[in-house]
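Note sheet for the following structure.
Residue numbers count from 1 along this sequence.
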Amino acid sequence: MGASRQFRLARPDGVEIAVRVEGEGPAVTLVHGVGADAASWDRVAERLAGRFTVVRADLRGHGASSRIERCHVADFVDDLAATLDGAGVASTDLVGFSLGGLIAQWFAIGRPERVRRLVLLSTVAERTPAERARVLERADKVRDEGIASVVSAAEDRWFTPAFKAANPEKVALRLSQLKANDHRSYAAAYRVFAEADEGIDFAKIVCPTLVATGENDIGSNPRMARRMHAAIAGSRLVILPELRHSVLMEAPDQIADLILEFLAPAATAA
């Protein structure tokens, strides 16, 4: 594995973004979801860093980055561009999970010259009005009542019963990490997650794309994955048997294998 480095980006609006870079080879950038941080990719990054330069940043309002009370998907997209600039990366393979997948979609549309290949993992597309209303309701509940108000529901959405039964300590740790988030930052990012799938023109995504989601993912469900796959020319679709939303915790090696297989031609060419 190549040298690892960490740095902080000062954004024009005063937000600071924590970034880490490790490994060597062509760049692959990993973007996490709401309530997590760059460390949620640790096992996947460990596997990828043997063949790639892995770039990760904490989203604004997450991990070691600055707290926030409001934001827009464009803020996250601009942060991603600045992250790549700070890491000295002109173009990258881009992997987004959940909210990170929405950020990756918008980035691939707005800055196509910077994205070689795209992986959309457990993200969303064209929610129904009722689905969007439920997410916005949860965001408002977190803002007004704190994160504990949605933790129980998160457990059921994220983990399969088998994983919960076999790994109670891991589940408890993840839920405690969720509760530790700044609730205003969490609510702001969750609202972006609720709204950022509106108006995406998937036909403008022109790079090779992999769309993957868990078979039993309640929020980022197979219907949405199939919609993305149908709309993105030449894309590949993978429905992961039995898994729900917590694929990075339940099946990190399976996810790493999937990403490595998809990105292998790019690594070979480089």
Side-chain angles (χ1 to χ4, degrees), residues 31-36 40-41 44 59 62 73 95-105 119-143 145-168 170-179 181 183 186-198 200 202 210-231 237-252 254-255 258:
V31 189
H32 66 78
V34 176
S40 64
W41 287 106
V44 174
L59 299 179
H62 295 72
V73 68
V95 184
F97 168 76
S98 194
L99 171 61
L102 284 169
I103 296 167
Q105 290 172 9
V119 179
L120 304 176
L121 179 62
S122 299
T123 191
V124 298
E126 297 185 354
R127 284 189 177 97
T128 66
E131 287 170 336
R132 183 168 288 108
R134 284 194 294 270
V135 180
L136 289 171
E137 182 180 350
R138 287 196 292 270
D140 290 342
K141 192 170 186 179
V142 168
R143 181 197 62 204
E145 301 178 20
I147 293 175
S149 63
V150 301
V151 166
S152 295
E155 179 178 348
D156 292 335
R157 290 195 305 273
W158 287 349
F159 302 108
T160 61
F163 185 83
K164 287 196 294 183
N167 301 276
K170 288 184 178 180
V171 172
L173 175 61
R174 180 67 189 95
L175 296 179
S176 69
Q177 291 170 335
L178 177 64
K179 290 179 182 178
N181 276 282
H183 74 281
Y186 185 96
Y190 210 61
R191 178 167 286 276
V192 171
F193 184 56
E195 298 174 336
D197 60 306
E198 291 188 278
I200 292 177
F202 290 108
L210 170 66
V211 180
T213 199
E215 177 184 26
N216 297 319
D217 194 322
I218 297 171
S220 305
N221 59 59
R223 170 181 61 80
M224 298 181 187
R226 292 187 179 97
R227 167 64 188 128
M228 283 181 270
H229 169 56
L237 174 67
V238 175
I239 305 298
L240 300 159
E242 299 183 3
L243 292 174
R244 291 191 180 175
H245 200 59
S246 190
V247 293
L248 296 180
M249 180 177 288
E250 294 196 31
Q254 182 180 355
I255 297 303
L258 185 66

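- For L136, the side-chain contact (heavy atoms from CB on, under 4.5 Å) partners at least two apart in sequence or on another chain are R132, R191, A194, E195.
- Between D140 and E137, the closest side-chain pair of non-hydrogen atoms is not below 4.5 Å.
- In this structure, N216 and R244 approach most closely via the heavy-atom pair O-CG, 3.2 Å.
- Residues meeting the side-chain hydrogen bond (donor to acceptor under 3.5 Å, both in side chains) test with R174, sequence neighbours left out: none.
- For the atom pair CE (M249) and CG (N167), the distance works out to 9.0 Å, reported to the nearest 0.5 Å.
- Every residue meeting the salt bridge (charged side-chain N to carboxylate O under 4.0 Å, His left out) condition with R227, not counting sequence neighbours, appears here in chain and number order: E126.
- A36 approaches H62 most closely through the heavy-atom pair O-CD2, 3.3 Å.
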Could you pull out all donor-acceptor pairs under 3.5 Å where a side-chain atom in residues 158-165 meets a protein atom, sequence neighbours excluded?
| from | atom 1 | to | atom 2 | distance (Å) |
| --- | --- | --- | --- | --- |
| T160 | OG1 | F163 | N | 3.2 |
| T160 | OG1 | E250 | OE1 | 3.1 |
| K164 | NZ | D156 | OD1 | 3.2 |

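- A donor-acceptor pair under 3.5 Å is formed between the side chain of N181 and the backbone N or O of L178.
- A187 and A139 get closest at one heavy-atom pair: CB-O, 3.5 Å.
- The nearest pair of heavy atoms linking V95 to W41 is CG1-CH2, 3.7 Å.
- By the 4.5 Å heavy-atom criterion applied to side chains, D197 and M224 are not counted as neighbours.
- With sequence neighbours left out, the side-chain contact (heavy atoms from CB on, under 4.5 Å) criterion links S220 to S122, V124, F193, T213, D217, H245.
- We find the CZ-OH distance between R138 and Y186 to be 8.5 Å, quoted to the nearest 0.5 Å.
- Using modelled atom types, one side-chain atom of H32 and one backbone atom of L59 make a donor-acceptor pair closer than 3.5 Å.
- For E242, the CD atom sits in a loose shell: 12 or fewer heavy atoms of surrounding residues, nucleotides or ligands are nearer than 6.0 Å.
- When all heavy atoms are compared, the tightest approach of F97 to V247 is CE1-CG2, 3.8 Å.
- Within the 4.5 Å cutoff, the side chain of V192 has no heavy atoms near those of the V34 side chain.
- Inter-residue side-chain proximity for I200 and L102 is flagged as met; some heavy-atom pair is nearer than 4.5 Å.
- Shown here are the salt bridge (charged side-chain N to carboxylate O under 4.0 Å, His left out) partners of E131, two or more places apart in sequence or in another chain: R223.
- Smallest separation of non-hydrogen atoms from P222 and I239: CB-CD1, 4.0 Å.
- Between the CD atom in E155 and the OG atom in S246 there is a gap of 11.0 Å [rounded to 0.5 Å].
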